[in-house]
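Both ligands and their constituent atoms are indexed starting at 1 by order of listing.
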Amino acid sequence: MIVFTNKSEIKDHISKEKAKGITFGFVPTMGALHNGHMSLVKRALQENNVCVVSVFVNPTQFDNLDDLEKYPRTLEEDIKLLETISKDILVYAPTVEDIYEGNTKAGHFSFDGLEFEMEGKFRKGHFDGVGTIVKRLFEIVTPENAYFGEKDFQQLAIVKKLAQKHGIPVNVKGCEIYRESSGLAYSSRNARLKPDYKAAAPFIFQTLLAAKDKFGTKSANEVTKWVEKQFAKNEFLELEYFIIADITTLKTVKRKSKSKTYRAFVAAYADDIRLIDNIALN
Ligand code: PAF
C-alpha cells in the first residue's frame, strides 16, 4: 500500500494509472477508521480497480476547537487496518499545509438551502468546511466514484449537490449505515464514549425504530413530541434535535404526503460527545 502525504505526488501517480485504464473509487475520511469506513472501502474495491482513502482531520469543518483537538488521530492503526483488506488501496494523509497552503479557511458555498437545515443550524460554517475539503479532495483524487455513509445523510446530499453544481465528474454513492451489534451507528467518536454512555447510546437507534413504527399512524409532530419526551427521561443522553424531514429538501415535514419520502434525524450528546443517526421512515 502506498501512503502519500503530498498532493502533487498522489495526483501524478493517479494520472499515470488512469492512462493505463485503472479506475478509482474514493473514500474520504477523517481517520480513526472503523468497520463503517471498512464497509465503504470494500464497496469501493468491488466497483473500482483501486480505492483511495484520504485521512485528514479537516480543521475548517469544526465549529468547536475542543472537538477538533480531541478528534482521534490514529494514522498508523488506520494503515494497518487497511492493509488487512487489500493491496489495491492508496492512502492520502496530507498535512494541513498540503491542503490549505497557509490559508486555513473555508470557502463559501451555496447548496440550495440544504446547508441551513439540521446540522447547518447547530454547527455554524460546518458545510462550508465540508464543501471546501471535499471539493479539493475531488480535484486531487479525480475519482470515478466516491462513497459516503448515510449516517451523515445531510453531508451526502450536500456532496451530491456540490458535484452537480460545480460540474465535478464523479458519481457520489450513498452507503447504508453500518451499526454495532447494539444498534449504535459506527462513528469515530464512539471510541471516546465512557462505559455508561456507551451502554446508553443504543437508545438513539431504538428510539428511531420506535419513531418509524409510530410514523405509520401518527403525524410528524406527534412523533416528534413523543421522541422528545423519551429523551427527556434518559439521564445519559441530551437531545439536540429530532426532526422528520423530506429527503429531497431536508426541511421539517409539516403535513405528511404519500408521494414524499421521509427520514427521521437525531443529534444527541452523550456527555460531551455528539452523536448523530437517522432512519428511513417510508
Ligand atoms: O465524513 C467525514 O468524515 C468528513 O466530513 C469528510 C467527508 C471526510 C470531510 O472531511
Side-chain angles (χ1 to χ4, degrees), residues 4 7 10 24-41 43-44 51-64 67-75 77-78 81-82 89-96 98-100 104-107 109 111 114-115 117-120 122-141 143 145-163 166 168 170-178 185-192 265 267 273-278:
F4 293 92
K7 61 174 173 289
I10 189 166
F24 288 86
F26 180 36
V27 178
T29 82
M30 298 207 294
L33 301 183
H34 49 65
N35 290 348
H37 294 117
M38 291 304 120
S39 68
L40 304 185
V41 173
R43 177 151 170 216
C51 172
V52 179
V53 179
S54 63
V55 176
F56 179 64
V57 182
N58 173 37
T60 65
Q61 71 186 74
F62 285 80
D63 62 339
N64 176 333
D67 194 22
L68 171 63
E69 276 163 10
K70 287 189 179 147
Y71 204 88
R73 288 159 172 88
T74 57
L75 184 59
E77 285 97 317
D78 293 345
L81 191 59
L82 290 169
I89 298 174
L90 301 179
V91 174
Y92 175 44
T95 57
V96 172
D98 191 53
I99 293 288
Y100 285 101
T104 314
K105 287 204 175 89
F109 289 84
F111 299 114
L114 294 176
E115 70 276 29
E117 305 302 325
M118 300 187 288
E119 295 297 286
F122 291 91
R123 301 179 73 189
K124 290 279 166 249
H126 173 67
F127 289 119
D128 277 340
V130 169
T132 303
I133 186 62
V134 173
K135 184 163 180 286
R136 284 186 196 187
L137 290 171
F138 279 169
E139 285 160 2
I140 294 166
V141 177
N145 300 299
Y147 300 83
F148 290 80
E150 286 185 341
K151 181 171 79 67
D152 297 288
F153 192 88
Q154 187 174 13
Q155 170 173 276
L156 167 64
I158 276 176
V159 172
K160 283 185 178 163
K161 188 69 84 178
L162 173 84
H166 293 265
I168 304 171
V170 57
N171 300 311
V172 177
K173 301 196 173 193
C175 304
E176 263 182 40
I177 301 175
Y178 206 80
Y186 270 102
S187 161
S188 303
R189 292 188 165 91
N190 294 356
R192 287 181 48 223
F265 298 87
I273 298 164
R274 191 170 182 278
L275 300 171
I276 60 171
D277 201 349
N278 66 82

As an exercise, identify every atom of ligand 1 less than 4.0 angstrom from a heavy atom of Q155. 1 (O), 2 (C), 4 (C), 5 (O), 7 (C)
Any N/O of N58 closer than 3.5 Å to an N/O of ligand 1? no
Side chain to side chain donor-acceptor pair (under 3.5 Å) between N58 and Y71, worked out: CA-CA 10 Å; N58 173 37; Y71 204 88; over 6 Å; no
Report yes if the distance between the aromatic ring centroids of F109 and F111 is under 6.0 Å, otherwise no. yes
Considering only heavy atoms of P28, which atoms of ligand 1 have at least one such atom less than 4.0 Å away? 8 (C)
Under 4.0 Å from one or more heavy atoms of T29, ligand 1 contributes atoms 8 (C)
So, the side chain of N190 versus the backbone of A185: is there a donor-acceptor pair under 3.5 Å, distance only? yes
Taking atom OH of Y100 as the centre, does the number of heavy atoms from other residues, nucleotides or ligands within less than 6.0 Å exceed 12? yes
In ligand 1, which numbered atoms sit nearer than 4.0 Å to a non-hydrogen atom of Q61? 4 (C), 5 (O), 9 (C), 10 (O)
Quick check on the 6.0 Å ring-centre criterion: do Y178 and H34 meet it? no
I133 heavy atoms, cut-off 4.0 Å: which ligand 1 atoms fall inside? 9 (C), 10 (O)
Are the charged groups of E176 and R43 less than 4.0 angstrom apart, N to O? no
Atom 3 (O) of ligand 1: nearest protein contact (heavy atom, Å): M30 CG, 3.6 Å
